[in-house]
Structures are given as C-alpha cells and as structure tokens.
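All remarks here apply to the structure that follows.
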Number of protein chains: 2
Amino acid sequence: MLPPRRQKILAAIVEQYIETGEPVGSKSLMSLPGFDVSSATIRNEMAELTALGFISQPHTSAGRVPTQYGYRYYVDNLMQPAELEENERRRIEAGVDYRSGDPEQLLATAGEALVDFTNFAAISTTPSDEHAFIKNIEMVPVSPKMAMIVMLTSTGILKSKACRTDVPIVVDLQETFQNLVNQNFIGRPLSDINTVMIQTLVASLGAKALSMSPLLVTIADLVEAASISEVNLSGQSNLLGYKEYNETAGQLLDFLHRDEPLNMLVSSSSDTDSDIEIRIGSENRFKELENSSMIISKYKIGDNATGAIGIIGPTRMNYSKLIPSIKYLTDIISRVLSDVYEEETDLGEEEN
Amino acid sequence: MLPPRRQKILAAIVEQYIETGEPVGSKSLMSLPGFDVSSATIRNEMAELTALGFISQPHTSAGRVPTQYGYRYYVDNLMQPAELEENERRRIEAGVDYRSGDPEQLLATAGEALVDFTNFAAISTTPSDEHAFIKNIEMVPVSPKMAMIVMLTSTGILKSKACRTDVPIVVDLQETFQNLVNQNFIGRPLSDINTVMIQTLVASLGAKALSMSPLLVTIADLVEAASISEVNLSGQSNLLGYKEYNETAGQLLDFLHRDEPLNMLVSSSSDTDSDIEIRIGSENRFKELENSSMIISKYKIGDNATGAIGIIGPTRMNYSKLIPSIKYLTDIISRVLSDVYEEETDLGEEEN
DNA sequence: TTTAGCACTCGAGATATTTGAGTGCTAATT
DNA sequence: AATTAGCACTCAAATATCTCGAGTGCTAAA
C-alpha cells in the first residue's frame with residue numbers, strides 16, 4: 001500500500017493528465033490546492049513512483065505520464081466515482097428505447113446514446129444464453145412466392161428474414177411448414193439446430209423436401225443469427241479526434257472492423273464476477289488496443305441471459321465519470337429487458 | 001476541342017498522376033512510349049494546359065497535377081473505359097446475393113463487395129418510387145403481448161418491426177387488425193400514410209382504439225422507413241489510408257456520418273438522364289467533398305422504382321476502371337431486382 | 001515549330017542553434 | 001530523517017540556415 005502522500009500525488013498526476021493530455025511536472029502539482037510541500041519533495045516522490053512503475057517520462061526532461069499500472073492503481077484504489085448529475089442521468093435514460101420489446105434495437109439505440117454521451121466508440125453484444133430455446137416460429141406469406149420467417153427465442157430475441165420459395169405458397173404448404181416447425185423446432189435449444197440437422201430433416205421429407213428446403217434453410221440462418229452474440233460497434237469515427245491515435249487510427253479502425261476479436265473482447269469479460277470490467281492498455285490482449293481502454297458492463301435478462309455494453313477509447317479517459325455512467329446505463333437496460341422478459345414469461349405460463 | 005497532342009499530354013498526366021500520386025514532370029512524360037518530342041515542347045504544351053485550367057502546379061518548381069477540370073475533361077473526352085477481366089467480373093458478381101428477394105439486403109452486400117473491390121467507401125440507397133403502394137401487411141403474433149408487423153411494398157421492399165401491445169393478442173384482435181389493414185392500407189400509396197392519417201383512423205375506432213393504436217403506429221413507422229430512401233454507407237475506414245485525406249479524414253468521416261447530406265448527394269443524381277454520374281471535387285456541392293469524387297450509378301426495378309449505388313474516394317481515383325465496374329454491378333442489380341419484381345407482379349396478376 | 005541550353009525557383013531534407021520546461025543531485029536547513 | 005533551495009544538466013520542440021535537385025520558363029539557334 002502506497003503512503004498517503006504518494007497516493008495523493010499519483011491521483012493528482014492521473015487526474016491532471018486525463019484533463020490536459022500533457023505530461024505533468026512537479027511545479028504544476030505544487031501549485032495545486034492541498035499541496036504544501038516544495039517541488040523538490042514532490043520530485044522525490046515522483047522518482048519513487050517512477051521506480052515503482054506507476055508513472056513514466058516520455059523523455060528525461062519532461063513531466064510524468066501515468067503508465068497503465070498507474071491507471072490501474074488509480075482505478076482500483078484512488079478514484080472517487082463521480083455522482084451523476086440529474087441532466088446526465090436524463091441524457092442516459094433518453095437513449096434507452098423503453099417501448100419496443102426488441103433487445104437488439106434497444107441495445108443499438110443505447111450504444112448510440114453512449115457514443116453521444118462519452119465521445120468514444122461504443123460496443124455492445126446482444127444477449128446470449130446457452131440454454132436459450134426456440135419459443136416460436138411463424139411463416140408469413142407476403143407475396144405468392146415470398147415469405148417472411150419470424151423467430152422468437154426464449155431470451156426475447158426476435159429475428160426475421162425473407163425467403164423466396166420455388167413453388168407458390170399455398171395453404172397446404174403453410175400447414176406442412178407449421179407442423180414441421182411444431183414437431184422439430186419449437187422448444188428446442190438453439191444449439192440443437194445446425195446444417196446437419198436441417199439436412200437430415202429435409203432428407204426425411206420425401207416429396208415435400210423441395211418446397212420445404214428453402215424455408216428450413218432460412219430457419220437455420222435465423223438460429224445462427226440468434227445464437228451468435230452479435231457485436232455492435234458505433235461511434236468509431238469519434239476516436240479519430242484523439243491525438244493518441246494520430247498515427248494508428250487506421251489500424252485501430254480496421255481492427256475494430258473485424259468481428260472475431262470484438263467478440264472475444266466482450267465475451268471474455270465473463271471470467272470475473274463483478275458486473276463491470278475495466279481493461280486498461282495491454283490488459284486487452286490485443287496489440288492493437290495497447291493504448292486503449294475498455295469499460296464493459298454486463299447486463300442481465302432474467303437469470304440466464306447476459307450480454308455486455310461498454311466503450312472503447314484511449315487509456316486517457318475519465319474513468320471516474322465514465323464508470324458510473326456505464327453502470328447506470330446497464331442498470332436501466334437490465335431492468336427494461338427483464339421487465340419485458342418476465343411479463344412474457346408470466347403470460348406464457350398463464351396460457352398453459 | 002483540344003489539339004490531339006495536347007489531349008495526349010493531358011491524358012498521360014492524369015493517368016500517371018492517378019497511378020503514382022506524384023506531380024508529373026515534362027521529362028517523365030517524354031520517356032513514355034509514343035512521345036517523340038523534346039521535354040521543352042511538352043513544357044510549352046503544359047504551360048498552355050495550365051493556362052486553360054486543366055492542370056496546376058503545387059509550387060513553381062514542381063510537376064503538374066490535374067485540376068478537377070482536368071479530370072472532368074479526361075473523363076468526358078479522353079478516357080478509355082477499361083474492359084473488365086473475367087476474374088474481376090466474377091468478383092463483382094460474387095458480391096450480389098441472387099437468392100434473397102430483399103432489395104435492402106442485396107444492396108448491403110453489394111456495397112460491401114464494392115468496398116472490397118475498390119478500396120473506397122461505398123454508398124447506396126434502397127429503391128424509392130413515388131408511386132409505390134402497400135402491397136401487403138401482416139401481423140404475426142410471436143408471444144402473448146408481442147407481434148411482428150411485416151409490410152411489403154409494390155417496389156418489393158420488405159420491412160418488419162416488433163410491436164408490444166397493451167392487451168393480449170387474441171384472434172378477435174387479429175381479425176380487427178386485418179380488416180383495418182385491408183380497408184385502409186392495402187393498395188394505398190405510401191405517401192398517403194402519415195401521422196395525421198393514423199390519428200384520424202385511431203380516433204374513429206371507438207372502443208377498439210386502445211388495442212389498435214400501437215399496431216397502427218408501428219405501421220406508420222414501417223411506411224416511413226420504406227419511403228425514406230435509406231442511405232447505406234460502408235468502408236469509410238478505407239479512406240483513412242489515402243494521403244489526400246491525411247489531415248481531414250476526421251472531418252470527412254464525420255460528414256459521411258450524417259444522414260442528410262448523403263441523402264442529398266445520392267438523390268440529386270436524378271437530374272441527369274444518364275445512368276451513371278461522376279462528380280469530381282466541388283461538383284459535389286459540399287465543401288467537405290472538395291477533394292473527393294463520387295461515381296454513382298442508378299439501378300432500376302421494373303419501370304418506376306430507382307435507387308443508386310456507387311463509391312466515394314479521393315479525386316485521384318482510377319476512373320477508367322471504376323466506371324465500368326460500377327456500371328457492371330448496377331446492371332446486375334437491376335437485372336436481379338427486376339426479375340424478382342416481375343416474377344412477383346406476374347404471379348400477382350395470375351392470382352386475380 | 002521545335003529544341004538545346006541555361007538561369008532561376010523553391011520545396012524537401014539535412015544540419016545547427018536556441019529555448020525552456022523539467023529533472024536529479026547536493027548541500028544546507030528544519 | 002525529512003525537507004528544501006539551488007544549480008547543473010538534459011533533451012524535445014521550435015526556429016533558422018544550408019544544400020540539393022527536380023522542374024520550370026525563356027531565349028536563341030536549328
């Protein structure tokens with residue numbers, strides 16, 4: 001544990017650097033209220049903090065800059081989370097679309113809100129639940145040879161996709177389809193449905209195989225889309241404005257463009273139990289993010305499904321303000337989605 | 001009309017500059033095959049071309065760079081459209097999703113293909129047709145208090161949105177809804193449906209108003225989404241790589257992020273009759289695009305609906321290759337979408 | 001009309017100079 | 001033992017100076 005004065009100095013360096021982006025010198029700290037020692041004393045302490053790895057110098061004759069360990073110590077031990085102001089709360093709330101019951105849409109708009117609020121890039125995943133099952137599948141004929149297939153999962157995810165059929169859609173075909181769906185899909189976990197399963201099913205249909213095949217393939221598409229926890233990223237262009245990305249902005253955006261690493265980034269957050277996770281610099285395991293931090297918070301729907309939402313930005317970000325903001329947003333999302341979910345579940349059971 | 005030799009020099013300057021990005025000097029032109037005159041002669045011609053405004057010098061002792069008028073003259077008079085190679089055709093074709101009948105999805109994937117193929121940003125609009133009407137609306141109950149509303153327009157646009165109702169969805173309610181839809185929406189032009197119309201309708205429903213209201217509002221949302229020709233942009237991060245955007249990349253991306261100007265950019269292309277439009281530098285009316293060019297091509301569905309797809313990049317782009325590529329892509333899109341459309345229309349009429 | 005020749009221009013790159021914020025160390029002070 | 005004043009030192013950033021050469025425009029001869 002650092003002695004109090006050293007803590008105070010570290011905190012001051014982190015906070016001032018977050019604010020100004022310039023290396024912090026001993027004199028500017030001395031002039032801060034509450035610092036009644038000389039700059040030489042501060043320099044001695046700074047030398048210690050440097051030896052301990054919490055701060056570093058860009059070059060010998062410059063001030064100090066927090067290292068990622070400095071940020072980490074600050075976040076874990078020194079930072080005082082800011083109280084959100086009323087208008088900030090309102091701004092965050094306004095970003096959540098209470099009305100629609102569709103989690104994807106809600107997360108998309110919430111992400112946009114985060115982008116506006118933080119000026120960083122926002123990242124979110126749709127809820128995933130390894131025990132999710134298919135609650136409902138409907139076929140909607142919209143024109144003679146085109147139908148829309150709509151699927152609802154136990155998690156509340158709603159997916160739909162158009163499907164052109166080779167033969168005209170008649171009542172008979174619809175009934176066949178609905179029977180197939182009832183027998184083979186409703187109530188089954190998403191993980192059960194895959195290409196092989198679909199092919200076997202098609203093979204067993206005999207004469208009806210031809211007409212059913214495109215519809216069933218579309219179901220497989222929907223299941224896949226619902227299983228993969230989709231990662232949504234927005235506000236990337238905000239990052240261009242930060243001078244820490246001057247040179248590497250292109251690389252970073254390219255990296256964020258690829259889906260796989262994003263998925264890993266968000267999903268790997270499940271190994272801790274805390275509901276909010278802060279990853280500073282190389283704590284994100286990707287080299288492309290060594291100068292970036294993520295604040296990721298998990299939301300829950302009911303007791304099983306979880307997803308995450310958060311931000312990506314330069315390590316120099318205002319942790320003490322952002323962390324409570326994201327916490328607050330996540331609480332709202334959890335509440336809204338759980339409400340919808342429970343309402344559905346209750347009603348569903350009443351029906352039986 | 002420029003004398004032949006001057007044309008030849010202008011074309012060579014444009015082409016070499018497009019390739020290298022460096023100002024083109026008289027000597028490097030002289031060494032090109034087919035130039036049998038001295039560098040002094042070329043310099044004289046270049047002086048003329050400069051006076052005419054087709055080329056300019058970054059500074060007195062540098063080579064020449066095409067002005068936007070130079071590019072324009074080149075595109076209009078000098079350029080020889082490249083023949084697409086077999087593998088290029090295949091790459092373009094591979095980007096078009098023949099199977100799904102959904103124009104939006106098709107355009108999205110085609111845009112991605114353009115991004116990969118050209119390394120620029122791609123822009124596209126969904127088809128719009130001022131005479132479009134509602135062909136079909138279906139309500140799909142997916143859970144006790146949630147329904148999916150699906151709408152198909154005469155243009156083939158398929159839109160769907162979830163809607164939570166305040167009361168449980170029963171057969172009675174579905175019938176009421178379907179009657180309402182048949183009487184008030186099917187066959188009516190999209191432009192007829194607006195908030196006022198919906199409100200009047202709701203008001204006339206008496207006791208049923210409460211249960212119908214959220215469903216009808218959702219229809220309004222769908223109609224709006226289908227009327228507004230949505231602009232899709234992708235591959236913006238490609239632009240970061242071009243040195244002409246070194247400084248202004250952020251501004252450009254911010255600009256492209258906003259929806260309104262994009263809409264104007266694409267829709268204003270309707271004033272010419274040609275099916276492909278090339279806008280160089282300030283011919284795009286926005287200051288943010290003064291160093292950019294767009295190649296935008298219109299596609300058609302049947303005889304009425306049109307939309308556009310194209311690219312945005314630095315004025316220094318390979319027009320002679322890109323123009324035929326985009327033309328080719330647009331032809332494919334038009335053909336696929338028109339096929340679907342006609343098939344639908346024919347079948348629809350057979351039905352009657 | 002074309003071309004060889006030449007003086008001229010000016011950006012890019014290399015090198016030198018200056019400046020000042022900030023440091024670490026030492027020796028005196030508390 | 002902890003603090004501080006004082007001072008020599010360091011080094012990036014800003015500024016100035018120099019050199020180089022690609023490319024030009026012009027002139028006078030072919």
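Letters A, B, ... are given to chains in the order of the sequence lines, protein chains preceding strands, and every chain is numbered from 1.
For the pair B/K27 NZ and C/dT3 P, the interatomic distance rounds to 15 Å; values are reported in whole Å. For the pair A/Q57 CD and C/dG22 C1', the computed distance is 8 Å after rounding to whole Å. What separates CD1 of A/I9 from P of C/dG22 is a distance of 16 Å, to the nearest Å. A straight line from CD1 of B/I42 to C1' of C/dT2 spans 12 Å, rounded to a whole angstrom. Computed from coordinates, the A/R43 CZ to C/dA27 C1' distance equals 15 Å when rounded to whole Å. In this structure, the CG atom of A/L29 is 10 Å from the P atom of C/dG22, given to the nearest Å.
Residues A/E277 and A/R279 are paired through a salt bridge, judged by an N-O separation under 4.0 Å between the basic side chain and the carboxylate.
Taking B/S293 as the reference, B/Y319 meet the side-chain hydrogen bond (donor to acceptor under 3.5 Å, both in side chains) condition, with sequence neighbours excluded. Here B/Y73 pairs with B/F54 under the ring pair (Phe, Tyr, Trp, His ring centres under 6.0 Å) rule; sequence neighbours left out.
Five base pairs at each end of the helix from C/dT1-D/dA30 to C/dT30-D/dA1 define two local axes, and these are offset by 20° (rounded to 10°).
B/S39 comes within 4.0 angstrom of nothing in the nucleic acid, heavy atoms only.
In 5' to 3' order, the nucleotides of DNA chain D bounding all contacts with chain A (an atom under 4.0 Å from a heavy atom) are D/dT3 to D/dA12.
In this structure, the side chains of A/L329 and A/S325 stay at 4.5 Å or more apart for every pair of heavy atoms.
Screening residues 233-264 of chain A for ring-ring contact (aromatic ring centres under 6.0 Å, His included), with sequence neighbours left out, gives A/F120-A/Y242, A/F255-A/F286. Here salt bridge (Lys or Arg N to Asp or Glu O under 4.0 Å) pairs that include residues 70-82 of chain B, with residues two or more places apart or in two chains, are B/R72-B/D76, B/R72-B/E283.
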**Message:** Would B/L114 and B/I92 count as a side chain to side chain contact (heavy atoms under 4.5 Å, CB included) here? Give the steps.
**Reply:** CA-CA 7 Å; B/L114 259 189; B/I92 294 175; over 6 Å; no
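In this structure, A/A40 and B/N44 both approach DNA chain C, and ranking their closest nucleotides by distance from the 5' end singles out B/N44. Comparing B/R5 and A/S61 against DNA chain C, the residue whose closest nucleotide sits nearer the 5' end is B/R5.
Looking at every heavy atom in both residues, B/R5 comes nearest to B/V37 through NH1-CG1, 3.8 Å.
At a cut-off of 3.5 Å, with distance as the only test, no side-chain donor of A/N284 or A/S282 sits close to an acceptor on the other residue.
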